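Data block below; observations after.
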Protein chains: 2
Amino acid sequence: MTQPDVGRIDGLTYPHGVAYMAGRFLPMSEARISVLDWGLLHSDVTYDTVHVWDGKFFRLALHIERFRRSLAKLRLTVPHDDDALRDILVECVRRSGHRNAYVEMLCTRGISPTFSRDPREALNQFVAFAVPFGSVANARQLKEGLHLHLIDSVRRIPPESVDPQIKNYHWLDLVTAQFHGFDAGAETVVIKDMDGNIAEGPGFNIFAVKDGTLYTPERGVLHGITRRTVFDIAAQEGFAVNAGAVNEALLRGADEIFITSTAGGIMPVSRLNDTPVGNGRPGEITQAVFRVYWAWHNDPAYTLAVDYDGDHHAR
Amino acid sequence: MTQPDVGRIDGLTYPHGVAYMAGRFLPMSEARISVLDWGLLHSDVTYDTVHVWDGKFFRLALHIERFRRSLAKLRLTVPHDDDALRDILVECVRRSGHRNAYVEMLCTRGISPTFSRDPREALNQFVAFAVPFGSVANARQLKEGLHLHLIDSVRRIPPESVDPQIKNYHWLDLVTAQFHGFDAGAETVVIKDMDGNIAEGPGFNIFAVKDGTLYTPERGVLHGITRRTVFDIAAQEGFAVNAGAVNEALLRGADEIFITSTAGGIMPVSRLNDTPVGNGRPGEITQAVFRVYWAWHNDPAYTLAVDYDGDHHAR
């Protein structure tokens with residue numbers, strides 16, 4: 001079940017998983033889009049990702065809502081209502097057998113039958129897939145904290161250019177920063193916005209904790225579902241949250257730093273560039289948020305169980 | 001020969017053409033990349049496009065040189081030297097039979113065998129294809145001039161975020177501007193940079209002509225091969241060229257405006273928003289540049305002929 005797939009055309013190894021496209025469920029090695037799709041050739045595509053932990057989707061409805069908002073802003077159309085969308089995602093997971101899964105839904109502009117350059121004439125394409133759960137941080141980093149580098153040489157694409165609330169694949173700024181970070185010994189990186197304030201990293205939001213208050217950037221970053229979950233946890237636990245401009249001094253002077261992503265959850269940062277964060281170990285508030293975050297993964301209020309044995313998924 | 005292909009998986013119609021990937025030549029309907037390829041999921045990919053007119057490549061060496069520079073900046077590797085790359089492109093065109101072709105070479109980050117998020121572990125993927133020649137402007141627009149709208153609501157992704165000399169697919173700013181322009185009756189659009197100066201449009205550079213001098217933006221835009229060809233034509237014909245910041249007043253007060261792209265060449269603009277440009281018809285300098293541009297397509301100094309009858313291409 002967990003054997004990787006090998007592509008018939010390219011001979012490449014793909015993670016075990018199941019994709020849905022053009023009305024069919026396919027192994028990951030066969031889930032391929034045309035090289036002419038504007039989703040590739042213009043990155044004219046939006047997406048959302050949700051995870052399954054211990055057989056249960058986490059906050060799926062929020063992800064579908066956000067996907068709908070992204071689609072509307074890009075004038076993309078998916079031929080499935082919310083229930084049908086949910087059913088497709090659940091079925092991908094059920095067929096994959098994965099108890100811990102990373103699930104992605106995406107919609108590309110597609111191509112027009114005449115290969116016209118006019119995006120209005122393209123036939124939008126919906127794809128979903130479920131693969132093994134992946135994390136920004138590995139097991140050691142989750143326990144001991146990540147080594148994060150603040151990279152100054154590249155700035156996050158500004159909201160004046162691309163609306164960050166449209167979840168998008170415009171990542172060359174982040175990829176470039178990753179390479180600069182790797183050169184400097186970083187495990188991952190965070191970059192600034194055009195004003196010089198802290199923005200986000202490759203696939204995650206960032207939080208600084210100072211004197212018991214949580215600070216996180218608000219403008220020019222994706223409003224992640226995990227970021228929102230931290231707000232909800234903070235409200236329950238009585239932590240103050242300040243979502244607004246976070247400057248470099250605040251980050252460098254933080255008592256604790258953690259990053260948040262559907263791909264990994266709440267991940268502590270123990271070093272910023274070459275300096276320990278706080279006492280160099282995951283902080284107390286970070287650990288408290290971490291514990292509630294994972295506890296909520298067993299709360300039916302936040303989860304949807306997959307029925308792996310049924311012919312169809314649980315409702 | 002010019003029948004469109006219909007995809008076996010998706011039933012979609014693809015333009016007739018030939019692609020090269022994973023060591024094989026394929027019809028366009030079968031040229032597909034994995035939905036897990038970071039070229040799609042992070043737009044972590046670069047490309048170049050070159051055209052064939054009347055059976056001859058135009059300035060192919062310049063496009064291959066630029067592709068090499070883009071690859072190096074993104075730390076992507078293609079397993080073909082320049083001669084092999086040229087041979088693949090020529091063979092795509094030869095097999096397609098197209099006398100007028102749009103030819104694209106691209107290299108994606110690929111995927112890593114473990115689906116690791118580390119771009120250093122991914123296996124880069126090279127793809128090339130030849131499809132029928134396409135143009136930003138249709139026949140009427142080429143003759144009478146395009147209706148161009150300057151769009152203020154979105155700004156071109158700045159060079160601080162993504163180096164525009166890495167030819168990239170980060171187009172959501174341009175696509176958003178296109179939709180805003182279509183709403184306003186535009187045929188195509190041009191957008192500004194973060195400083196409020198004129199930048200570029202979807203797939204083209206822009207030139208304004210004032211008092212016999214050509215003005216074109218320099219910073220924050222792709223240095224297109226057609227743009228460079230205009231510089232070369234201007235040098236031959238004795239037109240002055242000023243490559244630097246172009247503000248809105250200069251564009252709005254221009255005697256002539258034209259746009260340049262491998263997809264269409266030299267294309268006149270006859271209306272800017274709701275105002276005629278000059279006398280509302282393609283200007284004299286625009287027409288002079290246009291004539292030399294197409295004349296050079298018969299000059300062996302700038303072209304490489306495809307041998308459609310041979311088993312292999314012409315050298």
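The structure presented is a predicted model; accordingly, all values stated were derived computationally and were not measured. By convention in this document, chain letters (A, B, ...) are assigned in the order of the sequence lines, proteins followed by strands, and residues within each chain are numbered from 1.
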If you measure from CZ on A/Arg109 to CZ on A/Arg120, what distance do you get to the nearest 0.5 Å? 11.0 Å
Region of B/Ala177 that comes under 4.5 Å of a non-hydrogen atom in chain A: neither
Between CZ of A/Arg219 and CG of A/Asp195, what distance do you get to the nearest 0.5 Å? 6.5 Å
Between B/Val35 and chain A, which part of the residue has a heavy atom less than 4.5 Å away: side chain, backbone, both or neither? both
Best-contacting candidate, B/Thr188, B/Val136, B/Asp10, against chain A by heavy atom pairs under 4.5 angstrom: B/Val136
Gap separating the CG atom of B/Asp44 from the SG atom of B/Cys107, nearest 0.5 angstrom: 9.5 Å
Is the B/Tyr169-B/Tyr47 ring centre distance short of 6.0 angstrom? yes
Select one option (side chain, backbone, both, neither) describing which atoms of A/Arg156 are under 4.5 Å from chain B's heavy atoms. backbone
is_close_aromatic(B/Phe126, B/His80), centroid dist under 6.0 Å: yes
Part of A/Phe129 lying under 4.5 Å from any heavy atom of chain B: side chain
Shorter than 4.5 Å, heavy atoms on both sides: which option in B/Met194, B/Met21, B/Glu104, B/Arg155 has the most such pairs with chain A? B/Arg155
Determine the option with the most heavy-atom pairs under 4.5 angstrom with chain B, choosing from A/Leu40, A/Leu172, A/Thr114. A/Leu172
Are the side chains of B/Pro15 and A/Leu36 in touch, meaning some heavy atoms are under 4.5 Å apart? yes
Checking B/Pro202 against chain A: side chain, backbone, both or neither under 4.5 Å from a heavy atom? backbone
Given a strict heavy-atom distance threshold of 4.5 Å, which part of A/Val175 is in contact with chain B: side chain, backbone, both, or neither? side chain
What residue in A/Leu41, A/Val127, A/Val154 has the most heavy-atom pairs under 4.5 Å with chain B? A/Leu41
Kindly compute the distance separating OG1 (A/Thr262) from CZ (A/Phe133), expressed to the nearest 0.5 Å. 8.0 Å
What part of A/Ile111 gets within 4.5 angstrom of chain B, counting heavy atoms only: side chain, backbone, both, or neither? side chain
Using non-hydrogen atoms only, which part of B/Leu74 is less than 4.5 Å away from chain A: side chain, backbone, both, or neither? both
Heavy-atom donor-acceptor pair, B/Arg66 side chain to B/His223 backbone, under 3.5 Å: yes
Among the listed options A/Gly7, A/Pro119, A/Ala263, A/Gly110, the residue most often paired with chain B at heavy-atom distances under 4.5 Å: A/Pro119
Checking heavy atoms, do the side chain of B/Gln178, its backbone, both or neither come under 4.5 Å from chain A? side chain
Of the backbone (N, CA, C, O) and the side chain (C-beta and beyond), which part of A/Leu123 lies under 4.5 Å from a heavy atom of chain B, both, or neither? side chain
Look at B/Lys73, B/Gln125, B/Arg32 and state which one has the largest set of heavy-atom pairs under 4.5 Å with chain A. B/Arg32
For each of B/Ala31, B/Gly134, B/Ser153, tally heavy-atom pairs with chain A at distances under 4.5 Å, and name the one with the top tally. B/Ala31
Report yes if some heavy atom in the side chain of B/Ile259 is under 4.5 Å from a heavy atom in the side chain of B/Asn205; otherwise report no. no
Using heavy-atom distances under 4.5 Å, tell me whether B/Leu12 contacts chain A through its side chain, its backbone, both, or neither. side chain
Aromatic rings B/His42 and B/Trp38: how do their planes relate, parallel, tilted or perpendicular, breaks at 30° and 60°? parallel
Contact part of B/Ile157 toward chain A, heavy-atom cut-off under 4.5 Å: side chain, backbone, both or neither? both
B/Asn138 vs B/Gln141 side-chain heavy atoms within contact, under 4.5 Å: yes
Let's test your reading of the structure: which of B/Ala22, B/Ser112, B/Ser34, B/Pro158 forms the most heavy-atom pairs below 4.5 Å with chain A? B/Ser34
Given a strict heavy-atom distance threshold of 4.5 Å, which part of A/Pro159 is in contact with chain B: side chain, backbone, both, or neither? neither
Between the side chains of B/Lys167 and B/Asp48, is the shortest nitrogen-to-carboxylate-oxygen separation below 4.0 Å, so that they form an ion pair? no
So what's closer than 4.5 Å to chain B heavy atoms on A/Ser135: side chain, backbone, both or neither? backbone
Return the option, out of B/Ile166, B/Leu26, B/Asp118, with the maximum number of heavy-atom pairs under 4.5 Å with chain A. B/Asp118
Under a 4.0 Å threshold between the charged nitrogen and the carboxylate oxygen, would B/Arg117 count as salt-bridged to A/Glu187? no
With a 4.5 angstrom heavy-atom cut-off, which part of B/Ser116 approaches chain A: side chain, backbone, both or neither? neither
Look only at the side chain of A/Asp173 and the backbone of B/Val162, and say whether a donor-acceptor pair between them is shorter than 3.5 Å. no
